[in-house]
Structure formats: structure tokens, C-alpha cells
Amino acid sequence: MIILGIESSCDETAVSICKGGKILSNIVSSQQIHNDYGGVVPEVAAREHDRLLNHLIIKSLDEANISLNDLNGIGVTKGPGLAGTLLTGVSFAKGLSQSINIPIIGINHLEAHIYANFLAYPKLKYPLVCLLVSGGHTQIWYIKNIFDYELLGDTRDDAAGEAFDKGARVLGLGYPGGPIIEKISLKGSSNAINFPRALMEKDNLEFSFSGLKTSLLYLVNKEKSFDLEDVAASYQKAIIDVLVTKLLRAVNIKKVNNCIIAGGVAANNCLRNLVDEKIEDKINVFYPDINLCTDNAAMIAFLAEIYLKKGMTSNIDFEVIPNLKLR
Ligand code: KG4
Ligand code: ZN
């Protein structure tokens, strides 16, 4: 089967073509237009998707060396995300599916992040524990079997990606914060400042990052001069320590042999290295290539193919759901 994937939940306009679980083309256009505003402007993002989608789809077909008539289905993100940007992608996908008469599958963006691991590692086996860490979510899932999810832990306030983004803003570093903080941290000492780690009591699988952000704010307001690299490295380490501790805890509680990391923050090498270092030898940990961790449409096309193979498609009148949950 050949599937076109479309992703427009936030500020990445992404288009991909997958065939039989393999990527033929994977294009991501990160909108730079928001840099002038210090964050994503929803209306501007939606217009940018509208401007780019047609062009990127033509380019993607070209890269995959196929024509529109070769497509067997279209997968498109239906949520969670920004209402206007989701609507742009879904409306485009609906129009295309009607005009060439192929099925459409509305895809949950969070589920697609998880399935990026199955795209990268086709032999991955259930049951497994997943740390899902993105700009809007920080959750631990026990995945017993395909589409069988149990939520083990969630954040009470900010998501890990949000903690990176807000931290970068406090430090005057720009957006998105994760990659910038990671880069600056390479030159700093992660032990320089002892930032708080919340909810670390035994067996607790919840997260909270708002106190961390506040303590960074206090530090920046109080200290006249500070070493930016040390602060960034210590701040990053405080986030990563918590994520890794809870992931390993969940793996122990559920007694699984496999665990995966998904979402934009999974691109962080400090996180990847610490998990590799701390995980027991008998447990396997997986995380996809960086371009499959951050927002992309290959994960959308890949998951849509799984649904289509099971005969599960969406009605043409399905709606976007900005606060869509996994379960
Ligand atoms: O999954 P994603 O691309 O979009 C959402 O679904 O939210 O995740 C975006 C988040 C942003 O908060 C960004 O700062 C963070 O992922 N991120 C990173 C890194 N790359 C992206 N965080 C830490 N280290 C990175 N290298
Ligand atoms: Zn995402």
C-alpha cells in the first residue's frame, strides 16, 4: 500500500509518502516566520500550511517517484494541536481524498509519535513502556498490545518540551528551546546548580516542571551575572533526571523487557545517553532517529497504513479535535 501522510498540528508543515511500512519521501518544512514573534502564532501558522501544502505534496510525489493515482490512502493529523492549523491539513486531505476517491484516516498525533518507533524498528515487540515527551505532553504509557494503552503517569502542569521552551525564553535564547538548550549545555557543567526535581518519591510516576521553571526565573532575576552554559546544562539535567528516573521506575513496575521514547524531546542526546547508561542490560531501549522524533508526516503515513490494512478508515465528515487524548 502507498500512503500519503500530512501533518499540520503546529508549526511544521510535513508531508510524507510511505509504502509497506517504508519511507519513500519525508519532507518537513519548519516555519521560520514565527521567530519574529517569539512563539507560534496560530493564524500565521495555518496560513503557512495553506501556502505550502500543495507544493510539498507535489515535491513528495516527485521524490517518491509516483503519481497521485498510485496512492491507496491519505493519513492526516486530526489532533491534538492548534484548531486552525489542524483544520488546514484536514481540509486539504479531505479535498484530495474526495477528488481521487481514496480513503482518508484521521490520525492521533500522539499515537503517531509512539508508532514512529515501530517505523524505525519493525521488529519491536509488545508489551512495552513508552515515555512520550513532546511540547504539549509528558506521559508514561504501558502498551500491552497494538492500540491497547494504559496511562501510568502524566504531568500535573508543564510538559517537558514546554519546560525547555519556557526555560529558553527566560534565558533569552529563542524558540524552540530544546535544541538550543541542548547545544549550549555541551559547554556547561550539569552539576553547577542544583535545580529542584519534583515528585521523586518512591513509585510516583507523575511529573511537574512548573517549580523548576520558577526556580530558573528566580535565579535569573537574583544573580547579576551567571554562567549561561552552566545554567542551561544544570536546567537540562534536572528535566532529564526526572524523565529517566520515572521511565525506569515504570519499566520495573510493569516488568517489561522493552521500552521506547517518543516525541520531540526524545531527540535530546542527554536523555538518550542517560537512559542508555542507567537501563539494566537485559532491558532494550529504543528511540527513533532524530527526524522521526520531532514532528513529521512519516509517522502519520506509517500509522495510517496500519489502520487501513485493518480496514479502519474515517468518515469524510470527521472533525479535528484540538485536545484529543490517546485514551
Ligand atoms: O513532538 P514535537 O516536535 O511537537 C509536539 O508534538 O509538541 O515536540 C516539540 C518539543 C518542543 O518543546 C522542543 O523544544 C522539544 O520538543 N525538542 C527538544 C529537542 N528537540 C525538540 N527538547 C530537548 N532536546 C532537543 N534536542
Ligand atoms: Zn509532536
Side-chain angles (χ1 to χ4, degrees), residues 5-14 16 26 28-31 34-35 38-40 42 45 76-82 85-86 89 107-117 119 130-139 155 157-171 173-186 190 207 209 212-213 232-233 235-244 260-275 287-300 302-303 321-326:
I6 297 176
E7 155 63 36
S8 68
S9 63
C10 192
D11 59 337
E12 257 87 31
T13 317
S16 171
N26 186 17
V28 180
S29 172
S30 298
Q31 302 177 359
H34 307 283
N35 295 353
V40 179
V76 61
T77 305
K78 67 175 177 188
L82 301 168
T85 62
L86 290 166
I107 295 291
N108 182 322
H109 181 89
L110 301 175
E111 190 169 40
H113 269 307
I114 292 172
Y115 273 84
N117 277 281
L119 170 57
C130 173
L131 173 67
L132 176 61
V133 269
S134 68
H137 294 80
T138 296
Q139 298 174 326
T155 181
D157 39 58
D158 294 347
E162 206 175 346
F164 273 105
D165 296 337
K166 288 180 174 171
R169 195 180 311 154
V170 169
L171 295 171
L173 295 174
Y175 177 89
I180 310 174
I181 289 190
E182 177 173 12
K183 191 163 168 231
I184 290 180
S185 297
L186 290 173
S190 61
F207 300 91
F209 293 107
L212 171 64
K213 178 192 62 193
Y235 185 81
Q236 168 175 265
K237 187 69 181 353
I239 299 172
I240 300 303
D241 269 350
V242 177
L243 296 177
V244 174
I260 60 177
I261 313 179
V265 181
N268 185 282
N269 283 302
C270 176
L271 170 61
R272 291 165 175 245
N273 294 340
L274 194 65
V275 176
Y287 32 76
D289 266 0
I290 286 177
N291 62 340
L292 291 179
C293 291
T294 47
D295 284 350
N296 66 88
M299 64 184 191
I300 307 296
F302 176 77
L303 183 55
I321 310 173
N323 64 351
L324 184 63
K325 308 266 185 288
L326 186 55

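Order of listing sets the numbers, starting from 1, for every ligand and every atom in it. Please read these numbers as outputs of a predicted model, since none were measured by experiment. Side-chain atoms are counted along with the backbone in the values below, which use heavy atoms only and exclude waters and symmetry mates.
- The closest protein non-hydrogen atom to atom 18 (C) of ligand 1 is Gly178 CA, 3.5 Å.
- Protein heavy atom nearest atom 26 (N) of ligand 1, with residue, atom name and distance: Glu182 OE1, 2.7 Å.
- The part of His109 lying near ligand 1 is the side chain, judged by heavy-atom distances below 4.0 Å.
- Of the inter-residue distances, the one linking Lys325 atom NZ with Glu111 atom CD reads 15.0 Å to the nearest 0.5 angstrom.
- The two atoms that bring Ala168 and Ile181 nearest to each other are N-CD1, 3.7 Å, heavy atoms only.
- Ranking protein heavy atoms by distance to atom 21 (C) of ligand 1, first place goes to Gly264 O, 3.4 Å.
- Rounding to the nearest 0.5 Å places CG of Asn269 at 9.0 Å from CD of Gln236.
- Within the model, atoms OG of Ser8 and CG of Leu86 stand 5.5 Å from one another, a figure rounded to the nearest 0.5 Å.
- Among protein heavy atoms, the minimum distance from atom 3 (O) of ligand 1 is reached at Asp295 N, 3.1 Å.
- At most 12 non-hydrogen atoms from other residues, nucleotides or ligands lie less than 6.0 angstrom from CZ of Arg169.
- Backbone and side-chain nitrogen or oxygen atoms of Gly161 are examined, and one is located within less than 3.5 angstrom of a nitrogen or oxygen of ligand 1.
- Thr138 contributes atom OG1, which lies 7.5 Å from atom CG of Leu131 (distance to the nearest 0.5 angstrom).
- Of all the atoms in ligand 1, the ones that sit under 4.0 Å from a non-hydrogen atom of Gly177 are 14 (O).
- Counting heavy atoms closer than 4.0 Å to ligand 1, residue His113 contributes side-chain atoms (C-beta onward) but none from N, CA, C or O.
- At least one heavy atom of Gly136 sits under 4.0 Å from some atom of ligand 1.
- The aromatic rings of Phe207 and Phe209 sit parallel to each other, their planes meeting at less than 30°, with 60° as the upper class boundary.
- Residue contacts to the Zn ion (ligand 2): Cys10 brings no N, O or S atom closer than 2.8 Å.
- Checked by atom type and distance alone, the side chain of Asp157 never pairs as donor or acceptor with a backbone atom of Thr155 at under 3.5 Å.
- Distance check, rounded to the nearest 0.5 Å: CG of Leu271 to OH of Tyr287 gives 8.5 Å.
- Only the side chain of Asp165 comes within contact range of ligand 1, with a heavy atom under 4.0 Å; no backbone atom does.
- Among the heteroatoms counted here (N, O or S) of Asp295, OD1 is the one nearest to the Zn ion (ligand 2).
- Here is the list of ligand 1 atoms found below 4.0 Å of a heavy atom in Phe164: 22 (N), 23 (C).
- Counting protein heavy atoms only, atom 10 (C) of ligand 1 is closest to Gly135 N, 3.5 Å.
- Below 4.0 Å from some heavy atom of Pro176 lie the following atoms of ligand 1, by number and element: 14 (O).
- The CG atom of Leu324 sits 4.0 Å away from the CG atom of Asn108 when rounded to the nearest 0.5 Å.
- Atom 24 (N) of ligand 1 has as its closest protein heavy atom Asn268 ND2, 3.0 Å.
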